Amino acid sequence: MVDFSIEPGALNSSLAAPALPTGQPVDYKITARNVSVFYGEKQALFSVGIDIPDRSVMAFIGPSGCGKSTFLRCFNRMNDTIASARVKGEILVQGKNIYGPDVDPVQVRARVGMVFQKPNPFPKTIFENVAYGPRIHGLAKSKGDLEEIVVKSLQRAGLFNEVKDRLDGEGTGLSGGQQQRLCIARAIAVSPEVILMDEPCSALDPIATAKIEELIDELRENYCIVIVTHNMQQAARVSQRTAFFHLGYLVEEDTTDQIFMNPKDKRTQDYITGRFG
Amino acid sequence: MVDFSIEPGALNSSLAAPALPTGQPVDYKITARNVSVFYGEKQALFSVGIDIPDRSVMAFIGPSGCGKSTFLRCFNRMNDTIASARVKGEILVQGKNIYGPDVDPVQVRARVGMVFQKPNPFPKTIFENVAYGPRIHGLAKSKGDLEEIVVKSLQRAGLFNEVKDRLDGEGTGLSGGQQQRLCIARAIAVSPEVILMDEPCSALDPIATAKIEELIDELRENYCIVIVTHNMQQAARVSQRTAFFHLGYLVEEDTTDQIFMNPKDKRTQDYITGRFG
Amino acid sequence: MSLSALLFCLLLAAMVAFVIGFWRAKRLSPDNPRAVHSRPGYHGGYLALWTALPAILVLLVWSAVEPRFIQAEVESNLPAQVLEGSEGQIGLAMGVVRSVATGLERLTPAEVAAAKASPKEAQRLFESKGVVIATPPNAVVIASAEELNNIRHLSRLAKTAVAAFLAIFGFIFAFRKLSPNLRARNRVEQVVILALMAASSVAIMTTVGIVLSVLFESVEFFKHVSIIDFLTGTIWDPRFASAGDAGGQGQFGLLPLMWGTLYISIVALVVAVPIGLLAAIYMSEYAHPKVRATVKPALEMLAGIPTIVYGFFAVVTVGPFLNFVGSEIGLVIQPTSVLTAGIVMGIMIIPFVSSLSDDIISAIPNALREGSYGLGATQSETIKRVVLPAALPGIVGAILLAASRAIGETMIVVLAAGIAANLTLNPAESVTTITVKIVSQLTGDLEFNTPQTLVAFALGFTLFILTLGLNVYALYIVRKYREQYE
Amino acid sequence: RDQVKIAGSSTVFPYAKIVAENFAKANAGLKAPVVESGGSGAGLKQFCDGVGEDKIDIANSSRRIKKGEQETCTKNGVADVVEVKFGYDGIVFASDVKGAAFAYEAKDWFNALAPEIVVDGKLVANPNKTWKEVNAAFPEWEVVAYIPGEKHGTREVFEEKVLVAGCKATGAEKLIAEKLQAAGTAEDKVKSAAEKACAKVRKDDGGKHAIDIDGDYTETLARLQANKESIGVFGLAFYENNTDKLRVATVGGVTPSVETISSGKYPVSRPLFFYVKKAHVGVIPGLKEYAEFFVSDKMIGEDGPLAQYGLVPLPEAEAKAVRETVKDLKPLAPLS
Amino acid sequence: MSAVAQDSSMSDSDAAETVGRFDNPALMRRRRREEVRFQAYGLIAIALGMSFLVILFGTIIRDGWTAFFQTSIELPIKFDAAEIDPDGTRNANALAQANYQKLANQALYGQLGVDPSSRAQRQAANALVSRDVDSQLRAMVASDPKIIGTTQNVWVLASGNVDAFAKGKIDRELPQENRQISDQQISWIDKLTASGAMEKSFNTGLFTNTASSQPETAGLAVALLGSFYIMLIVVLLSVPLGVAAAIYLEEFAPRNRITDIIEVNINNLAAVPSIVFGLLGLAVFINFAGLPRSASLVGGLVLTLRTLPTVIIATRASITAVPPSIREAALGVGASKVQSVFHHVLPLSLPGIITGTIIGLVQAIGETAPLLMIGMVAFVVDVPSSPLDPATALPVQIYMWATEAERGFVEKTAGATIVLLGILAVMNILAMVLRKRYERKW
Ligand SMILES: Nc1ncnc2c1ncn2[C@@H]1O[C@H](COP(=O)(O)OP(=O)(O)OP(=O)(O)O)[C@@H](O)[C@H]1O
Ligand SMILES: Nc1ncnc2c1ncn2[C@@H]1O[C@H](COP(=O)(O)OP(=O)(O)OP(=O)(O)O)[C@@H](O)[C@H]1O
Ligand SMILES: [Mg+2]
Ligand SMILES: [Mg+2]
């Protein structure tokens with residue numbers, strides 16, 4: 001079997017993820033405390049706590065089925081939509097518990113955007129797919145404005161050139177990777193404060209992936225980004241901090257450098273060196 | 001921006017994909033001639049021709065939307081199911097044109113299995129998902145037989161341990177990666193002659209990916225495998241031959257070593273070195 | 001102003017309020033739309049709702065209560081000998097007063113004077129204005145009518161004032177609340193959801209209404225006939241109360257009717273479900289879109305042919321045909337039989353199965369089909385093993401609807417299955433159903449307050465319970481086999 | 001309300017329609033009444049529901065109002081009801097026009113349809129399967145008779161004037177009465193109980209000999225045409241409009257017609273009524289006018305459109321009395 | 001593996017043991033047969049359904065197409081001033097009271113050479129023209145009093161029996177006593193036909209006339225208008241209410257006992273026989289709310305309640321069919337639940353909603369029984385000017401005509417059914433167009 005692991009030492013040179021500047025008072029955008037999630041009887045997440053700083057990228061890694069998506073979906077109360085799912089604990093976004101009683105989940109979701117694991121474009125035109133968010137949030141003053149937002153979002157998601165002459169074609173008629181980029185464009189079109197991305201690049205080729213990573217890098221300047229990925233290199237490339245999940249537990253969370261070069265937990269180490277399972 | 005390209009030179013050492021033995025008379029499993037595909041008016045594939053040897057892995061790479069999935073779906077006449085799609089040209093599987101007039105697409109698909117880009121488990125139990133194929137093809141003589149096939153397929157797809165105590169749970173209740181592995185298990189359960197995989201690992205974590213790659217390696221002994229991937233390392237690791245597509249054209253097709261180390265076309269070179277677009 | 005004019009004005013006011021709210025919200029934070037919780041449209045909606053909704057509600061209640069109030073007021077001034085009469089008689093008198101009042105309003109002042117002077121002249125004048133009354137109105141009636149007009153006038157004024165007040169107050173109240181933090185969207189959506197809820201409560205109220213409208217008479221019936229005999233009796237023979245003989249009571253055994261109902265419905269479903277379902281499958285999975293586009297609505301026409309036409313079709317065509325077929329193969333098939341009724345009814349309910357199932361099958365995502373094709377399944381295998389199971393809940397719903405229609409159908413059964421209540425297993429014999437008996441007991445020449453007619457209500461009630469049981473069972477089945485895709 | 005509202009018997013309905021239509025033509029200022037058809041019972045039920053603008057003014061009925069119904073009426077404040085008998089409806093037996101001729105006596109019907117008949121002085125289960133067995137003069141048709149369903153007023157007349165009469169004629173009634181007496185039925189009830197038993201209709205052979213029809217005569221006609229060797233019961237008016245399809249049978253040697261019925265020669269007929277709510281007269285425009293118009297000679301007279309349609313007119317004396325009743329709005333005395 | 005020859009060259013059993021299993025020709029043949037059979041079943045089902053439709057339509061049209069034509073007789077009518085307006089005042093009232101029937105009859109006697117002294121002959125001749133001829137002539141005079149004193153050629157309606165005879169519905173070969181038309185009359189009819197004074201023309205009266213006791217003047221105007229009002233009310237009420245209820249139950253209501261009860265309850269309502277809805281309407285709308293009897297408003301309300309369950313059930317079924325990922329996508333960009341439903345779910349389920357609505361409407365437009373209870377099975381002469389006036393409905397008219405004794409009504413019944421089917425066809429075509437616009441696969 002081919003060895004595809006990344007030597008911890010190699011990371012330093014090839015992956016230039018800048019660590020957070022230390023010494024500064026950290027400004028946490030998201031704080032999760034004691035979050036447990038149940039699907040019916042089955043517990044999928046066990047008492048997870050995490051702090052996610054603003055203007056940075058946090059990567060969630062871990063084997064399939066370990067609860068990354070589940071946890072991610074807690075940040076914008078997306079789990080509310082699954083009838084069997086129950087969330088315990090509290091999650092503060094900008095200091096406010098989004099599971100509090102007087103919180104409007106809709107507003108949470110407007111502020112915390114999401115790109116889903118399976119691309120799910122609306123069965124509408126490409127233009128309408130992207131324009132939908134800005135429309136309902138009233139982000140465009142005029143038709144020209146709206147068009148500008150759509151074009152810009154598509155450009156940033158690296159899709160514009162491919163679809164520019166068929167903006168009124170069906171969004172569902174795109175290729176898998178195009179659909180995923182369309183969903184990304186749709187999410188950033190409303191410029192949320194936090195962007196949750198559930199394996200945004202899994203359907204993308206390297207060039208498109210590079211574009212998305214570039215975008216993430218760019219967005220990081222202003223937003224807080226949480227990304228789930230299976231691609232360790234990607235995690236290393238784009239994130240400042242990384243959290244490793246296993247079987248529903250948050251095993252370790254630290255700066256990306258630390259996690260990849262100096263993991264404290266045996267399981268983390270095993271996972272990133274591919275010696276797992 | 002982080003550089004994630006693979007240096008052509010580096011491949012030789014880290015990627016141990018064995019090239020086809022030369023000098024032997026090559027036994028082509030699939031031969032495509034002049035294949036063009038149209039979606040309605042729009043042409044998505046332009047006169048592509050290719051030969052795919054038996055007992056080997058062929059990788060399709062190329063930027064998103066270049067027609068990889070489209071071409072792959074020609075091999076088992078999956079494009080028949082899209083009303084607007086039209087295929088021209090001929091594709092021979094085992095010397096017989098599967099687009100010939102007297103060919104039963106059903107039989108083609110039984111011999112040419114497929115794993116789709118988006119996981120699409122049936123809304124049935126996990127067991128039923130895998131047992132479906134063997135059932136309709138009458139591959140199991142008894143209930144015991146069937147169970148054996150299911151378990152074995154799940155094991156080979158690396159999913160069995162995770163789901164062994166809930167085989168009668170819904171297939172749609174699995175995580176994204178689990179669903180994808182379920183689909184792989186489902187496809188190999190009928191042991192087709194050719195297996196087409198459209199980004200089978202895009203939703204998988206490295207360990208699961210490794211398992212699948214191992215599986216591909218193992219299957220190669222007896223089957224012909226065509227895989228679409230965005231992960232160049234993966235292509236390098238698992239395939240013997242690689243085809244590079246761009247904008248609906250087959251740009252270059254050769255042994256994987258050749259493609260990655262010595263690409264003839266400028267576009268191929270640009271793509272694999274990440275200098276594209 | 002009249003009620004409709006008032007409502008129209010309120011709607012206008014709501015529109016104005018909407019526009020004002022919209023513009024106001026835009027001003028709240030012109031540069032950063034995110035600083036405002038809700039879109040301007042919602043603010044507009046909020047304002048519009050506050051402006052119009054309370055006023056409309058009050059108006060509706062007022063208008064519902066008003067006639068009774070006015071009636072009481074005018075009634076109290078009617079002459080004593082009228083007031084001594086029964087409620088109905090007072091009502092009749094009021095009817096005359098109302099007609100005269102309408103007439104008076106259409107007259108010119110000069111004519112009014114003339115009318116007051118002479119009752120005969122009044123009648124003639126009214127008739128010339130399109131208000132026909134039976135007898136010349138006397139002075140008392142005209143006085144009452146004038147009073148009625150006065151009160152109505154007053155009430156109308158008051159109504160207008162109240163509505164205007166509420167609209168203005170509501171507008172001001174809501175307008176002062178407009179602010180970036182106002183959760184206008186949530187408020188408006190709450191109203192929307194409330195409205196949705198109210199809509200679904202219509203169904204509940206219908207049920208309550210039905211139960212209430214058959215309950216009392218059913219109870220009355222069970223005073224005559226024991227409920228046990230009714231439920232367990234195997235003979236249906238409610239004798240016609242024969243000449244001058246009031247005690248003509250018969251046997252009210254439900255079982256033959258219930259059996260007939262179920263038997264015919266089952267035969268109908270045996271005809272309709274395979275045909276409908278297979279047609280739906282063919283249309284949605286195999287047929288060319290053009291074929292589908294014509295076949296589907298064509299089949300739907302089957303549901304709209306009046307049932308009496310089906311009934312005569314059964315009597316004139318299907319019955320004799322079956323009889324003929326039966327005699328060819330050595331069976332005695334009566335011209336009116338379970339088979340005749342079942343087959344014709346089955347034809348009628350085909351579209352319930354075919355059209356609804358077709359929609360539901362078409363809605364199953366293609367990815368599922370592809371998954372199955374990819375494994376080498378034939379199209380029919382895919383349909384049978386993947387598509388249909390996924391579509392099952394919807395299909396069961398469609399079949400249930402068809403079954404419901406079959407159980408509730410009357411005209412076809414009257415003509416095609418007969419009205420003789422038999423307890424038989426032989427589909428070639430005639431039976432009858434609960435609905436037939438409901439209709440015939442309700443519409444016949446029978447004396448109306450005897451058990452013979454009251455039983456119709458008891459039957460309606462029983463059928464209600466029967467179908468309720470079936471539906472509970474069906475729900476249970478659907479829950480059990482439900483498959484959720486994606 | 002400026003329009004008379006009428007409901008009730010479907011037998012009276014066609015007559016009421018003709019009157020309503022002509023009433024509107026004859027009275028320019030008045031609207032044509034709205035006539036509903038839904039059965040005598042249903043009509044009387046609405047009629048007795050009370051007085052008031054929202055209640056109907058006239059109930060059509062193919063039978064006399066019953067005591068219980070009158071009581072309900074009174075209880076609901078419908079105290080004064082004017083009963084108007086405006087004619088007779090003949091009831092005829094007919095088969096397909098190309099079929100055989102029948103000349104019935106009442107006893108033939110009894111022997112064909114009763115569950116038990118007299119054979120050799122004893123009551124036995126009805127053995128007759130064909131008409132020929134009933135009466136040697138009849139053709140060898142299976143006994144299949146479409147008789148009015150129990151919801152029809154016609155059924156009552158059929159039972160009373162045909163079956164019970166036949167029962168008496170064959171002597172079955174006596175045997176039944178004896179049997180009842182032996183079974184311990186009280187002396188005073190024997191007669192009515194025996195009559196009731198006489199009116200029973202056989203149900204053997206899956207009920208194919210006597211088939212109840214709940215629908216209208218069109219249904220009976222349709223069935224007759226589907227099974228040409230059968231007999232149906234019709235109203236005279238219906239028969240007269242369909243002489244090209246139906247062949248009428250004689251009863252007691254008399255052919256049914258307007259003349260034979262009004263003269264009383266043909267035995268099977270029944271009176272038709274309508275009831276007027278007196279409290280509404282003077283309130284609902286046109287009510288009294290309508291009632292008077294209905295019973296005028298122009299309508300129910302021998303040359304009037306109703307007779308043309310098939311109504312058997314009242315004898316002159318009766319007609320005169322009825323006109324009096326309507327004119328004076330003489331209420332119906334409480335029934336006993 | 002069976003030894004039967006392999007039927008496909010694809011099955012080169014190069015890759016022996018494991019791979020060759022698909023070439024089990026017996027199984028493959030069976031599956032292929034299965035496929036063919038299954039498709040055939042589908043085709044047969046459609047063929048059956050369509051042939052039922054064709055048979056039904058065929059019989060209806062065969063019986064009913066003649067209803068669209070009507071026999072008229074041309075008579076030279078002398079508008080005798082002495083007869084119409086003996087006083088010469090041209091007073092409208094006097095003109096209205098004149099005996100116009102007599103004018104027509106006299107013209108007829110002249111035309112046919114009838115001996116006016118024979119009562120039997122006169123009656124036989126009178127029976128040729130419709131009794132409605134007086135209204136026709138009266139209307140002519142009223143609109144143009146100048147024709148008094150002139151002789152005009154007027155096409156008057158033939159009586160129902162003559163019409164039926166002319167259309168071959170009464171058999172000429174029957175013995176005279178079994179016919180509604182005597183030999184004498186037949187000879188007259190032949191004579192009129194030969195001279196071109198008797199012709200069939202399109203029957204506009206079928207649409208413009210109101211109820212009548214004579215087949216030749218009976219028309220559908222009241223019924224059409226009544227049905228129109230009813231349908232309008234049903235569409236305006238049952239569609240919004242039904243869709244709203246379905247949305248609430250499917251998307252907003254918590255999943256618990258209560259929603260289960262509501263669900264069962266709605267399914268159950270669909271099974272309640274329609275006459276019971278009539279009872280409900282009688283109790284609630286007429287007795288309690290005090291709405292007038294026989295009014296199309298009440299009919300519309302009752303049928304709304306009747307249609308509601310159908311619309312709700314169909315809508316719910318199609319709402320469930322919308323994949324959850326679409327809802328997630330909408331929520332994910334910050335749409336509220338209400339927005340996600342109204343912007344995405346509802347448009348996607350429109351085809352199903354349209355189907356449900358159409359089936360519900362189609363059912364409602366053919367419903368008779370509940371209307372019986374609320375007084376709409378009635379003889380209504382005046383055209384309703386609002387939904388509060390007495391009216392009937394198309395199926396009711398069909399029902400009433402079906403039970404008429406006169407021969408002329410048989411074809412009228414079928415003719416009215418054709419009209420109803422025409423309306424259904426229009427509704428269905430509309431639905432088809434709408435459905436096509438909103439149908440999507442994903
Ligand atoms: N809707 C659901 N109902 C029941 N169980 C669920 C549901 N969604 C997820 N699970 C289970 O919860 C666990 C965590 O799932 P989750 O989707 O969070 O995994 P993940 O880390 O995102 O995996 P992947 O990388 O494969 O997407 C898994 O065991 C999964 O089977
Ligand atoms: N059903 C369809 N209808 C119309 N156009 C389509 C359809 N499917 C794919 N296309 C178009 O055909 C082209 C090739 O698509 P294809 O799915 O083969 O791309 P791909 O190489 O698989 O891309 P990816 O890596 O993103 O999956 C794209 O431009 C795509 O938009
Ligand atoms: Mg996941
Ligand atoms: Mg693809």
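Proteins come first, then strands; the chains are lettered A, B, ... in the order of their sequence lines, and each starts at number 1. Bear in mind that the values here come from a model prediction, so they are computed numbers and not experimental data.
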Legend entry - B/Lys68 portion near chain A, given a 4.5 angstrom heavy-atom threshold: neither
Inset, instruction - Kindly indicate whether the side chain of A/Asp205, heavy atoms from C-beta on, has any atom under 4.5 Å from the side chain of B/Tyr271. - result: yes
Legend entry - Close side-chain approach of A/Val151 to A/Phe160, heavy-atom, < 4.5 Å: yes
Inset, instruction - Determine, for A/Phe122 and A/Arg186, whether the Lys NZ or Arg CZ falls below 6.0 Å from the six-membered ring centre while staying within 45 degrees of the axis. - result: yes
Legend entry - Heavy-atom contact with chain B under 4.5 Å, split by part of A/Gln179: side chain
Legend entry - Contact origin within B/Gln178 toward chain A - heavy atom pairs under 4.5 Å: both
Inset, instruction - Against chain B, work out which of A/Ser64, A/Cys66, A/Gly65 has the most heavy-atom pairs shorter than 4.5 Å and name it. - result: A/Ser64
Inset, instruction - Without swapping roles, check the side chain of B/Ser239 against the backbone of B/Met58 for a donor-acceptor pair under 3.5 Å. - result: no
Legend entry - A/Gln117 and its side chain to side chain donor-acceptor pair (under 3.5 Å) partner, picked from A/Glu199, A/Arg73, A/Gln180: A/Glu199
Legend entry - Part of B/Ser175 lying under 4.5 Å from any heavy atom of chain A: side chain
Inset, instruction - Identify which of B/Cys201, B/Ser202, B/Pro119 forms the greatest number of heavy-atom pairs closer than 4.5 Å to chain A. - result: B/Ser202
